[in-house]
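Predicted model, so just to flag it, every value in this text is computed and none were measured. Values below: all heavy atoms of this structure, side chains included; hydrogens, waters and symmetry mates excluded.
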Amino acid sequence: MTSADEHDFDVIEPAELPTDFEAFFSQHMGEFIRVAGARTRNPHDADEVLMDAAVVMYRKWERILAHPNPIALAHRILEGAIVDFYRRRARTADREVSYGELTYADVPTADDLLLLRGHDRLDRALAELEQRAPLQASCVRLRYLAELGFAEIAARLDITSNAAKANVHLGLKNLNRLIDLPDSGKGKS
């Protein structure tokens, strides 16, 4: 048997990417990672989702360029990668071993749980809003979790800027109702 030192391991050079794809992905990577992070609530999972989406975007680059709204198609690909991530997680969940069965597991501390306590109600409300009004949920996520302006939201979702504003407003109103927050009183006489 030969040792690892005796093997000749060649370094694989990274693939040459089209410069327009590289520029497009670099320009929008921050917003893509914010969208993925808002949906996964874990930076490592968000990075995994983004890299899966990047591979699909690279494979479909010519189709993205030919699309009348390339950024909207890229966001649809990212949303698909997020869905695929959760589907893979659901398929493997029954094959995983629980924390209690592992003696060496890194069990979450009380501090870890305290960091997440405020997100639970919001996540459930966003999931319910996604089922009832998916466009409103997407607009709210892009506005507040990806920190995009109304014109940018309109471009990503292929709607008008006024429709983006209206959907953000209605989405926030519905989220307040779903979370059972008191009405802010804005806009009332």
Side-chain angles (χ1 to χ4, degrees), residues 1-97 106 112 115-116 119 123 126-127 130 134-161 163-165 167-168 171:
M1 184 170 239
T2 60
S3 70
D5 296 338
E6 296 174 14
H7 289 285
D8 184 24
F9 294 104
D10 293 327
V11 176
I12 299 173
E13 294 297 321
E16 287 294 320
L17 298 174
T19 55
D20 53 349
F21 174 76
E22 238 181 294
F24 175 85
F25 194 77
S26 296
Q27 178 184 358
H28 298 288
M29 192 168 92
E31 92 186 44
F32 290 154
I33 198 73
R34 286 192 301 271
V35 169
R39 296 290 297 274
T40 61
R41 294 281 183 222
N42 181 312
H44 303 292
D45 293 344
D47 189 51
E48 181 181 338
V49 165
L50 181 57
M51 290 303 106
D52 289 345
V55 169
V56 174
M57 287 178 204
Y58 173 70
R59 288 183 182 152
K60 296 184 177 188
W61 182 237
E62 295 301 320
R63 191 178 302 166
I64 290 172
L65 284 177
H67 195 273
N69 191 345
I71 189 67
L73 183 56
H75 269 275
R76 267 191 261 147
I77 290 170
L78 179 61
E79 289 294 326
I82 292 167
V83 169
D84 289 345
F85 171 79
Y86 281 116
R87 284 180 180 155
R88 273 193 313 273
R89 182 175 275 182
R91 280 194 303 266
T92 60
D94 59 340
R95 291 181 259 160
E96 292 178 349
V97 179
D106 186 17
D112 295 332
L115 284 173
L116 294 174
H119 298 290
D123 287 341
L126 271 170
E130 184 77 38
L135 186 59
Q136 290 178 12
S138 294
C139 286
V140 168
R141 280 193 177 102
L142 289 173
R143 177 72 175 151
Y144 294 103
L145 301 177
E147 301 172 356
L148 298 179
F150 294 116
E152 294 168 314
I153 294 169
R156 270 64 172 175
L157 299 178
D158 208 15
I159 58 176
T160 66
S161 185
K165 285 180 189 177
N167 278 295
V168 167

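Pairing each heavy atom of L157 with each of S138, the nearest pair is CD1-CB, 4.0 Å. The two atoms that bring I71 and A155 nearest to each other are CG2-O, 3.8 Å, heavy atoms only. Closest approach of I153 and A164 over heavy atoms only: CG2-CB, 3.9 Å. Of all non-hydrogen atoms in S161 and A154, the two that sit nearest each other are N-CB, 3.6 Å.
Residues meeting the side chain to side chain contact (heavy atoms under 4.5 Å, CB included) test with E152, sequence neighbours left out: L148, R156. Taking the side chain to side chain contact (heavy atoms under 4.5 Å, CB included) definition, one finds that D20 meets it with P18, W61, L65, sequence neighbours left out. In terms of the side chain to side chain contact (heavy atoms under 4.5 Å, CB included) criterion, residue partners of A163 (sequence neighbours excluded) are, by chain and number, I159, T160, N167. Q136 is linked by a side chain to side chain donor-acceptor pair (under 3.5 Å) to N174, counting only residues two or more places apart in sequence or in another chain.
Residues in residues 137-149 take part in these salt bridge (charged side-chain N to carboxylate O under 4.0 Å, His left out) pairs, two or more places apart or across chains: E130-R141. The salt bridge (charged side-chain N to carboxylate O under 4.0 Å, His left out) analysis of residues 75-87, with sequence neighbours excluded, yields the pairs R39-E79, D84-R87.
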Solution key, residues 43-60 side-chain donor-acceptor pairs under 3.5 Å, sequence neighbours excluded:
residue	atom	partner	partner atom	Å
D45	OD2	R89	NH2	2.8
D52	OD2	R88	NH2	2.8

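Taking the six-membered ring for Trp and thresholds of 30 and 60 degrees, H75 and F32 have ring planes more than 60 degrees apart, a perpendicular arrangement.
For the atom pair CG (N42) and CZ (F85), the distance works out to 7.0 Å, reported to the nearest 0.5 Å. Rounded to the nearest 0.5 Å, atoms CD1 (I77) and CD1 (I82) are 12.5 Å apart. One distance of note links CG of L78 with CD1 of I33; it measures 8.5 Å at 0.5 Å rounding.
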